Participant: 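Okay, here's the structure, questions in a sec.
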There are 2 protein chains.
Amino acid sequence: MITKNCVLTNQEIEDLLVKNGVPATLQRIAICKYVVCEANHPTAEQVFDWAKNNLQKISQATVYNTLGTLTEVGLIRAFRFPHSDKVVYDCNTQDHFHFFDEKTGQLVDVDSSSVKLNIDLPQNYKVHGFDLVFKGEIKN
Amino acid sequence: MITKNCVLTNQEIEDLLVKNGVPATLQRIAICKYVVCEANHPTAEQVFDWAKNNLQKISQATVYNTLGTLTEVGLIRAFRFPHSDKVVYDCNTQDHFHFFDEKTGQLVDVDSSSVKLNIDLPQNYKVHGFDLVFKGEIKN
DNA sequence: TTAAAGTTTAGAGTTATTCTAACTATAGAA
DNA sequence: TTCTATAGTTAGAATAACTCTAAACTTTAA
Ligand SMILES: [Mn+2]
Ligand SMILES: [Mn+2]
Ligand SMILES: [Zn+2]
Ligand SMILES: [Zn+2]
């Protein structure tokens, strides 16, 4: 139900990038490792903050470029949610939904298998997919 | 299933505003009438464009202020969708969902009665509500 | 009639993101 | 080993969607 991040070596991250046609650079390896293995639905700002503390030098443009590239090749996904105007990046590339804890601001993944949707739309509405975000609170 | 806009006189709009504690001004009556009776999920930009063409003088700030006020008192609702970074305003204040036509960019309302959702979340997840947007295409 | 209160306005400010153009690193070619 | 083309990174400027500010109107109500 709740998905967790993987643990990958730098070499494995490098291979992942190259396999997806993205030449591996120091910056890309670091950012990719962070979003794929460590972060939970980070914003570009959070990735940039992390990168500033973990690389000797990094520019905002590189963070945005890299997140864009990783999204393009499908290594991560980008989501825009109703409660914020910042894009969040997600290492979970499966179809899935989200639960937004209104108290903490935390986003957690909800597997699509835990949701069943019955829709009654006109015949001529062809549904290609849907975005679903729960809002609420996680107790305890 | 698909909701339509109402037809109201200026007087009725004025009453609606006053009843909701919003003193009626020329600008507010015009903007309120447009979003409540004419427009379909307009953005602030669209409301501003309409207002420029239909009032002798209007400022962007007034459009944003008025849309904010109307939203606060519950005469309209504000939505932020995954496909755009612009807020859209909605005269449909019932709980409902949306269908986004990926070809035309059009948004149409989907009554909540046409959707049945079965969720299987952990006990400690208290769901207060959810946002649901269908993406697809309306044929014909 | 007049002053307080509320409303509108132009323009400045903010935030998230994208663009630009210069700099840097690197992989072959020579 | 150079050289050089290509790709990647960078700082800072630009953009887009709002939001804020402070001055100018307008209305309200003594
Ligand atoms: Mn509507
Ligand atoms: Mn923005
Ligand atoms: Zn997710
Ligand atoms: Zn709607």
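We use all heavy atoms of the structure for the numbers below, so side chains are in, but hydrogens, waters and symmetry mates are not. Note that the coordinates shown come from a computational prediction; the quantities given were computed from them, not determined experimentally.
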Participant: Heavy atoms from C-beta onward define the side chain here; which of D:dG8, D:dT10, C:dA10 lies closest to that of A:Thr25?
Facilitator: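 Taking heavy atoms from C-beta onward, the closest nucleotide is D:dG8.
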Participant: Donor-acceptor check, side chain of A:Asp101 to backbone of A:Ile138, threshold 3.5 angstrom: yes or no?
Facilitator: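 At least one qualifying donor-acceptor pair exists.
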Participant: Within this structure, what is the CD1-to-P distance between B:Ile29 and D:dT27, rounded to whole angstrom?
Facilitator: 11 Å
Participant: Test your reading of the model: is there a side-chain donor-acceptor pair from B:Arg77 to the backbone of B:Gln94, 3.5 Å cut-off?
Facilitator: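 Indeed, once roles are kept as given, a pair shorter than 3.5 Å links the two residues.
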Participant: In whole angstrom, what separates B:Lys57's NZ from C:dT9's P?
Facilitator: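 So the two atoms are 6 Å apart, to the nearest Å.
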Participant: In whole Å, I'd like the distance from the CG atom of B:Leu26 to the P atom of C:dT9.
Facilitator: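 Result: 10 Å.
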Participant: Kindly point out which of C:dT9, D:dC18, D:dT10 is positioned nearest to the side chain of B:Lys86?
Facilitator: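 Ranking C:dT9, D:dC18, D:dT10 by closest atom to the B:Lys86 side chain puts D:dC18 first.
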Participant: Counting only N and O atoms by type, is there a donor-acceptor contact under 3.5 Å from the side chain of B:Thr71 to the main-chain atoms of B:Ala78?
Facilitator: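 Answer holds: no.
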Participant: In whole Å, what is the span from the CD1 atom of B:Ile58 to the P atom of C:dA10?
Facilitator: 9 Å
Participant: Using the rule given for side chain to side chain donor-acceptor pair (under 3.5 Å), can you reason through A:Glu14 versus A:Asn10, listing the C-alpha separation, both sets of side-chain angles and the distance that settles it, and then say yes or no?
Facilitator: CA-CA 6 Å; A:Glu14 207 173 316; A:Asn10 273 22; over 6 Å; no
Participant: Given atom CZ of A:Phe81 and atom P of C:dA16, what is their separation to the nearest angstrom?
Facilitator: 17 Å
Participant: Below 4.0 angstrom, N of the basic side chain to O of the carboxylate: do A:Lys103 and A:Glu137 qualify?
Facilitator: yes
Participant: Nearest to the side chain of A:Thr62, which nucleotide is it out of D:dA11, C:dA10, D:dT9?
Facilitator: D:dT9
Participant: For B:Gln27, which contact category applies under a 4.0 Å heavy-atom criterion: base, sugar-phosphate, or nothing?
Facilitator: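 Result for B:Gln27 = sugar-phosphate.
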Participant: Does A:Tyr64 place a side-chain N or O at less than 4.0 Å from the phosphate oxygens OP1/OP2 of C:dT17?
Facilitator: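 Checking C:dT17 against A:Tyr64, a side-chain N or O does come within under 4.0 Å of OP1 or OP2.
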Participant: Could you give the CG-to-P distance, from A:Asn65 to C:dT20, as a whole number of Å?
Facilitator: 13 Å
Participant: Provide, to the nearest angstrom, the distance between the CZ atom belonging to B:Arg80 and the P atom belonging to C:dA16.
Facilitator: 11 Å
Participant: In whole Å, what is the span from the CZ atom of B:Phe48 to the C1' atom of C:dT9?
Facilitator: 11 Å
Participant: Among C:dT9, C:dT7, D:dG8, which nucleotide sits nearest the side chain of A:Arg28?
Facilitator: D:dG8
Participant: What's A:Gln60 touching, base or sugar-phosphate or nothing? Going by heavy atoms closer than 4.0 Å.
Facilitator: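 Base contact - A:Gln60 has a heavy atom under 4.0 Å of at least one base atom.
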